[in-house]
Amino acid sequence: MKEQIVDILDLTDSDLHEVLHAISEVAEMQNTDAYVIGGFVRDIFLNRKSKDIDFVTTGDGILLAESVAKQLKVSEVHIFKNYGTAMFKYNGYQCEFVGARKESYRKHTRNPKVEKGTLRDDQLRRDFTINAMAISIKKSSFGSFVDPFGGIADLAKKLIVTPTNPDITFSDDPLRMLRAIRFSCTLDFSIEENTFNAIKRNADRVKILSKERITEELNKIIMSEVPSKGFLKLDETGILEIIFPEFVNLKGVEYVGSMGHKDNFLHTLEVLDNISLNTDNLWLRWAAILHDIAKPVTKKYDKNLGWTFHGHEFKGMKMVPKIFSNLKLPMNEKMKYVQKMVLLHLRPIILADDCVTDSAVRRLLFDAGDDIDDLMLLCQADVTSKNPAKVKRYLNNFEIVKQKLIEIEEKDKLRNWQPPISGDVIMKVFQLPPCKKVGDIKTEIREAILEGEIGNNYEEAYHKMIEIAEKMGLKEVDLSCRPGVVNGEW
């Protein structure tokens with residue numbers, strides 16, 4: 001095993017080799033043990049690239065970091081004295097150092113009481129056996145593999161297991177429950193039965209976590225290849241109800257006689273998986289999660305129409321800011337982007353159902369702007385019917401809509417549209433102050449362009465402006481803005 005580990009650590013990456021060599025030499029000079037530990041070791045065996053490396057030493061972690069940084073000529077070392085840790089970056093690698101320690105916890109906080117410990121103590125405090133494996137990098141014992149809890153066997157079995165009693169592990173630091181589900185989702189591992197049942201028993205402990213830490217793990221689950229696996233585990237353990245109740249409200253099917261609707265929770269997970277095949281855009285994946293979020297509050301039964309969810313796109317758009325705020329997601333253009341996707345997610349589907357007119361396509365382009373391609377991805381992901389003929393019809397019509405979008409965009413340049421006649425031009429031509437009439441003229445010009453009455457260009461828009469203004473009793477006063485006028489001359 002040692003020979004194999006040495007071979008693994010003898011990488012062609014010269015930057016990594018320099019870091020490990022420097023630590024090896026310094027640890028030998030300081031007569032202290034040093035190990036690479038945690039996720040970096042796990043990822044070596046999984047053939048995954050990692051740029052974050054954790055080092056643990058039986059000596060002083062800060063002293064080791066400073067000495068290694070000096071040898072590598074790293075000028076900036078970040079020191080966290082309260083935690084006894086230090087970190088520096090070296091050519092793309094983030095190297096974190098800590099002295100071996102043991103931890104004890106109090107009930108209402110995940111911040112432990114820390115004291116000096118042995119390597120085994122430090123491995124015991126790790127979340128899972130696959131993250132507790134260590135490799136010595138001290139010169140005299142370079143490559144020795146230390147795996148007291150069978151992490152290498154659990155890797156082979158693709159199992160998430162805690163190194164100690166899982167109830168203690170999760171009660172001490174409930175973030176580990178979210179990490180267990182995240183790792184099972186991103187690595188495609190199973191959670192060992194006793195470990196999984198302990199998550200169920202301790203689910204309520206997530207309430208002591210900050211929203212930021214919860215959402216950080218949630219986003220990593222969302223960015224996995226098949227995020228539904230993570231959400232189903234979050235739901236089964238009871239954690240999802242605590243951290244994201246609006247999503248859980250989508251669950252279930254209600255019947256009136258024989259008339260039922262689809263389970264919108266399972267449908268949403270299918271949409272999320274569908275869109276994850278085609279995009280790594282976190283916020284588009286969030287839009288997939290939230291596109292039907294208002295269906296529970298808009299659900300009604302009509303004896304002629306069956307189950308309806310009228311206006312769920314408008315109500316859902318209004319729900320997005322509160323959900324983002326509760327989860328401490330960014331309240332900026334990313335939130336507005338998700339709102340736009342939720343609001344517009346039915347529009348291409350409606351176009352696919354109806355006769356596709358140029359006017360309808362122009363309006364979709366105008367409203368979606370540069371996000372039109374993302375919107376089309378979302379709408380295609382939303383097709384989850386189990387009826388093959390229906391799916392084929394929808395997808396064929398989507399191709400028609402896509403072609404129409406290309407044709408209209410090439411002709412009318414409406415993506416990220418800016419009006420050809422600005423408010424400043426209107427005020428100058430008619431000598432108007434800022435007022436409602438200016439806005440009304442702009443709106444009528446826009447509608448004329450979207451309806452195809454005039455082209456999306458300055459000349460046609462100018463003549464339309466004059467026509468609209470005359471109906472309002474306004475006269476052209478300043479002629480300098482007329483098409484063809486240069487420096488005030490025809």
Side-chain angles (χ1 to χ4, degrees), residues 38-40 42-43 48-54 78 80 82-83 85 87 89 94 96 98 103 105 108-112 125-128 130-131 160 162 169-189 191 199 202-235 237-248 269 272 275-276 279-290 320-335 337-338:
F40 187 81
R42 177 199 69 225
D43 287 345
R48 287 159 50 107
K49 297 288 186 182
S50 178
K51 291 285 188 177
D52 294 344
I53 318 177
D54 290 337
H78 300 278
F80 309 94
N82 289 344
Y83 298 98
T85 63
M87 183 272 289
K89 293 183 179 180
Q94 180 166 298
E96 187 162 339
V98 65
E103 299 174 341
Y105 289 80
H108 300 294
T109 176
R110 61 180 291 268
N111 296 321
R125 74 178 180 86
R126 303 280 164 169
D127 49 10
F128 311 113
I130 61 172
N131 293 334
I160 306 293
T162 59
T169 296
F170 296 141
S171 180
D172 281 350
D173 184 356
L175 188 68
R176 292 166 175 164
M177 295 187 285
L178 290 167
R179 284 169 58 84
I181 292 171
R182 188 247 294 181
F183 280 125
S184 74
C185 192
T186 56
L187 299 177
D188 195 24
F189 279 24
I191 302 176
I199 296 176
N202 291 277
D204 203 54
R205 289 285 288 159
V206 300
K207 291 177 181 178
I208 73 168
L209 297 174
S210 71
K211 292 289 180 66
E212 289 85 353
R213 296 307 299 271
I214 290 172
T215 299
E216 184 181 348
E217 293 298 325
L218 197 58
N219 281 341
K220 289 176 181 177
I221 291 170
I222 292 168
M223 289 303 294
S224 64
E225 285 189 18
V226 188
S228 64
K229 292 181 179 180
F231 276 103
L232 289 170
K233 285 185 172 70
L234 287 172
D235 181 53
T237 56
I239 290 176
L240 193 62
E241 173 70 43
I242 298 168
I243 66 174
F244 194 1
E246 298 91 344
F247 197 9
V248 177
L269 291 180
L272 177 58
I275 207 159
S276 297
T279 182
D280 289 329
N281 180 342
L282 172 63
W283 308 109
L284 185 52
R285 293 189 184 199
W286 264 109
I289 292 169
L290 297 177
V320 169
K322 184 177 180 182
I323 291 170
F324 264 54
S325 178
N326 287 344
L327 291 170
K328 301 298 182 185
L329 287 162
M331 302 295 289
N332 54 19
E333 71 282 351
K334 295 180 176 69
M335 183 270 289
Y337 165 88
V338 174

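Note: hydrogens, waters and symmetry copies are ignored here, and every other heavy atom, side chains too, is used.
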Taking atom [atom1] of [X] and atom [atom2] of [Y], what is their separation to the nearest 0.5 Å?
X    : Y    : atom1 : atom2 : answer
M223 : D280 : CE    : CG    : 4.5 Å
D235 : F244 : CG    : CZ    : 12.0 Å
I160 : I130 : CD1   : CD1   : 4.0 Å
K334 : L284 : NZ    : CG    : 14.0 Å
I208 : S171 : CD1   : OG    : 7.5 Å
R125 : D173 : CZ    : CG    : 10.5 Å

Can you check whether [Y]'s main-chain N or O pairs, donor with acceptor, with [X]'s side chain at less than 3.5 Å?
X    : Y    : result
R205 : P174 : no
S228 : L269 : no
R285 : S276 : yes
S325 : K322 : no
T237 : L234 : yes
R179 : D127 : no
R182 : G230 : no

Heavy-atom side-chain proximity of V320 to L290 below 4.5 angstrom: yes
Answer whether the closest heavy-atom distance between the side chains of K229 and D188 falls below 4.5 Å. yes
Would you name the heavy atoms of [X] and [Y] that are closest together and state the gap between them?
X    : Y    : value
P321 : M335 : CG-SD, 3.9 Å
F40  : S50  : CE1-O, 3.5 Å
P227 : I221 : CB-O, 3.3 Å
R42  : L187 : CD-CD1, 4.2 Å

Count the heavy atoms of every other residue, nucleotide or ligand shown that sit under 6.0 Å from CD of E225, and state whether that count exceeds 12. no
Check this for me: K328, atom NZ, are more than 12 non-hydrogen atoms of other residues, nucleotides or ligands nearer than 6.0 Å? no
Show your reasoning for whether side chain to side chain contact (heavy atoms under 4.5 Å, CB included) applies to D52 and E96. CA-CA 8 Å; D52 294 344; E96 187 162 339; over 6 Å; no
The residue among L175, I243, I199 that forms side chain to side chain contact (heavy atoms under 4.5 Å, CB included) with V206 is I243
Checking W286 against N219 for the side chain to side chain contact (heavy atoms under 4.5 Å, CB included) test, could you report, in this order, the C-alpha distance in whole Å, the side-chain angles of both residues, the deciding distance, and whether it holds? CA-CA 9 Å; W286 264 109; N219 281 341; 2.9 Å; yes
Would you please indicate if the ring centroids of F231 and F247 are separated by under 6.0 Å? yes
Once the angle between the rings of F128 and F183 is folded into 0 to 90°, is it parallel (under 30°), tilted (30 to 60°) or perpendicular (over 60°)? perpendicular
Applying side chain to side chain contact (heavy atoms under 4.5 Å, CB included) to L329 and V338, what does each step give before you reach the verdict? CA-CA 11 Å; L329 287 162; V338 174; over 6 Å; no
Test salt bridge (Lys or Arg N to Asp or Glu O under 4.0 Å) on R213 and E217 and set out the steps. CA-CA 7 Å; R213 296 307 299 271; E217 293 298 325; 5.4 Å; no
Please list, chain by chain and in numerical order, all residues satisfying salt bridge (Lys or Arg N to Asp or Glu O under 4.0 Å) with D43, sequence neighbours excluded. R48
Does the pair K233 and S184 meet the rule for a side chain to side chain contact (heavy atoms under 4.5 Å, CB included), with working shown? CA-CA 9 Å; K233 285 185 172 70; S184 74; 3.5 Å; yes
